[in-house]
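Below is one structure, written out as structure tokens; the observations come after it.
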Amino acid sequence: MNVHLVEETPWRHRIDPVDPMRVPGVVFAPHELLPLDPGDKALEQVANVAALPGIVRASYAMPDIHWGYGFPIGGVAATDVAAGGVVSPGGVGFDICCGVRLLASPLDRRGLLPHLPALMDRLDPLIPRGLGRGALWRMGRSQLHEVLRGGARYAVERGHGVARDLERCEDGGAVTDADDRQVGDRALERGAAQVGSLGSANHFLEIQTVDRVYDERCAEAFGLRPGQVCVMIHCGSRGLGHQICTDHVRLMDAVMHRHRITVPDRQLACAPVESAEGRAYLGAMAAAANYARANRQLLADETRHVFEELTGTGLDLVYDVSHNLAKLERRTVDGEERLLCVHRKGATRALPPGHPDLPADLAPVGQPVLVPGTMGTASYVLTGTDGNLAFDSCCHGAGRVWSRHRAQRECDVPRLRTEMTRAGVALRPTSWRSATEEVPQAYKDVDAVVTASTENRLGRPVARLVPLGVLKG
DNA sequence: ATGTGC
């Protein structure tokens, strides 16, 4: 599809609908954040998504947009369920319910620094990560099914956390519509040995410090203050989510013609939400969402124990939120209340103040939006705002600009070591060679992404965090 | 993202 971009404001671009688009594309990015390299398909993907059956309002892209499978990463699309609206696994991504969890320590930077080497030495062998096997929890099939149904709630019931953790998780730590019968054998097999593991690529566990607070009232409600030490965990549903995505893309690809659906790109395989295939995917996706939440709960619990042992202090959960999920949400569209299937892929839910799904203590200030940066660069906490045009969605990170291949070509191991030392970051990768794929230059400037999010009313910055120690896959 | 795949 040929994409013609129109600059709507200095911060936002529009793609006017041409056949087969049903709605416009809206890219919440200034010119310098647009993926304009020759051969980059991300903007074409925004236009392709606009052709999905039942899509309402627009095909949206966040400022950290980059090329993905079918949908761009940073894509948001909502379909009207009653109007034959579809759900597409490519609109969620392979890492179902990939997300971020932020924990706050009572220590400040000065109090923590003497403990940092010991903390890193202890966490390094304890936190399973990388492509190989190894996980905090080894389990049989029946316990895995409990995880798929109970998510972080089940982990807490088994002693891995406290009740307050669940209040600070999106959906209270578990969704109720998981259907573990829709999770195939191969996915179960891969999932059983990976609960409590980070994975690889841009997944990490970081010890951070609050570098700057932009909104004191929100920061206080979130439990954050300048100089404070935090732990940020970024991971997802590992091989289980990956296998579920693979399986259901294949299923939908095979039956799309029966539903009389045509899409501009085969990677947009989809089925009506109200079809056997649509319901099956959403049930399996919800099971993977619970798995990812249990995964983050276990990793947080283990980190908490290490902090207690070595510093004598605890860690409070600030929030846990996904940026790869589809959700059924009731929303007003053109003055009518509709049930929508909102796909967020590399986009974080960002509920505004007063939203009924927020816990009471967060209702006055809005939902914490957790935006991980790249290793050696900042991460952000934003809050949801009123007037968000993208179904209460915000950016999810910096957004890749170099392919993994190009990053390896541009950055060798000595250079990465030098850069991390200069940034004052203690990096513990499982492989230095693969860590070069994650060199900060391979990503957009996270500060610019957050500015663009703010200017487009997708969220408002609350705090900026910088890394002290990084564990990577 | 991923036991790196048709």
Side-chain angles (χ1 to χ4, degrees), chain A residues 41-42 45 62 64-75 88-101 128-135 138 144 183-205 233-251 253-254 266-267 269 281 284-285 287-289 291-293 295-296 299 322-326 343-348 372 374-375 396-409 429-431 433-438 442-443 472-473:
Chain A
K41 304 268 192 240
Q45 291 184 321
M62 304 292 107
D64 46 337
I65 175 176
H66 58 117
W67 190 357
Y69 179 90
F71 280 57
I73 294 162
S88 172
V92 171
F94 276 86
D95 193 0
I96 297 168
C97 199
C98 181
V100 181
R101 168 175 292 229
R129 57 200 199 276
L131 263 181
R133 278 176 303 168
R138 281 306 178 93
L144 178 59
V183 179
D185 233 33
R186 226 166 146 191
L188 294 171
E189 195 178 317
R190 292 175 71 173
Q194 297 184 323
V195 191
S197 66
L198 277 180
S200 61
N202 65 347
H203 290 161
F204 63 74
L205 186 154
I233 297 171
H234 177 207
C235 63
S237 53
R238 305 292 331 273
L240 179 117
H242 193 276
Q243 192 64 50
I244 288 172
C245 183
T246 304
D247 293 346
H248 287 260
V249 163
R250 192 169 300 158
L251 273 169
D253 185 65
R266 230 178 142 176
Q267 293 184 352
Y281 171 70
M285 180 208 72
Y291 181 97
R293 277 133 180 191
N295 191 21
R296 291 193 286 273
L299 290 162
S322 169
H323 45 236
N324 279 10
L325 217 50
H343 302 71
R344 295 186 184 88
K345 177 192 192 176
T348 312
T374 315
M375 62 187 181
H396 89 302
R400 191 170 268 284
V401 284
W402 288 350
S403 67
R404 297 190 174 283
H405 189 77
R406 175 157 180 212
Q408 290 236 9
R409 212 169 55 225
T430 49
S431 149
R433 180 84 186 102
S434 51
T436 59
E437 294 180 356
E438 299 297 319
Y443 287 83
K472 285 193 68 72

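Owing to the predicted nature of the structure, the values given are computational and were not obtained by experimental measurement. When reading the values below, keep in mind they use all heavy atoms of this one structure, side chains included, and skip hydrogens, waters and symmetry mates.
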Parallel, tilted or perpendicular: rings of A/H396 and A/H66 (30°, 60°): parallel
Nearest-angstrom distance from the residue atom CD of A/E189 to P of B/dT2: 17 Å
Between B/dT2 (P) and A/I244 (CD1): distance, integer Å: 14 Å
d(NE2, A/H203; P, B/dT2) in whole Å: 6 Å
Partners passing side-chain hydrogen bond (donor to acceptor under 3.5 Å, both in side chains) against A/S197 (at least two apart in sequence or in another chain): A/R238
Distance below 4.0 Å between A/T246 side-chain N/O and B/dT2 OP1 or OP2: no
Whole-Å distance separating the CG atom of A/L198 from the C1' atom of B/dT2: 15 Å
Spacing of A/Q408 atom CD relative to B/dT4 atom P, expressed in whole Å: 16 Å
For atom CD of A/E438 and atom C1' of B/dT4, their distance in whole Å: 14 Å
Polar side-chain contact A/R250-B/dG5 base: donor and acceptor under 3.5 Å: no
Test log, rule side chain to side chain contact (heavy atoms under 4.5 Å, CB included), inputs A/R404 and A/E438: CA-CA 8 Å; A/R404 297 190 174 283; A/E438 299 297 319; 2.8 Å; yes
Nearest-angstrom distance from the residue atom CD of A/Q267 to P of B/dC6: 13 Å
With A/R266 via side-chain hydrogen bond (donor to acceptor under 3.5 Å, both in side chains) - residues at least two apart: A/D253
Between B/dT4 (P) and A/D95 (CG): distance, integer Å: 16 Å
Sugar-phosphate, base or nothing in reach of A/R404, heavy atoms under 4.0 Å: sugar-phosphate
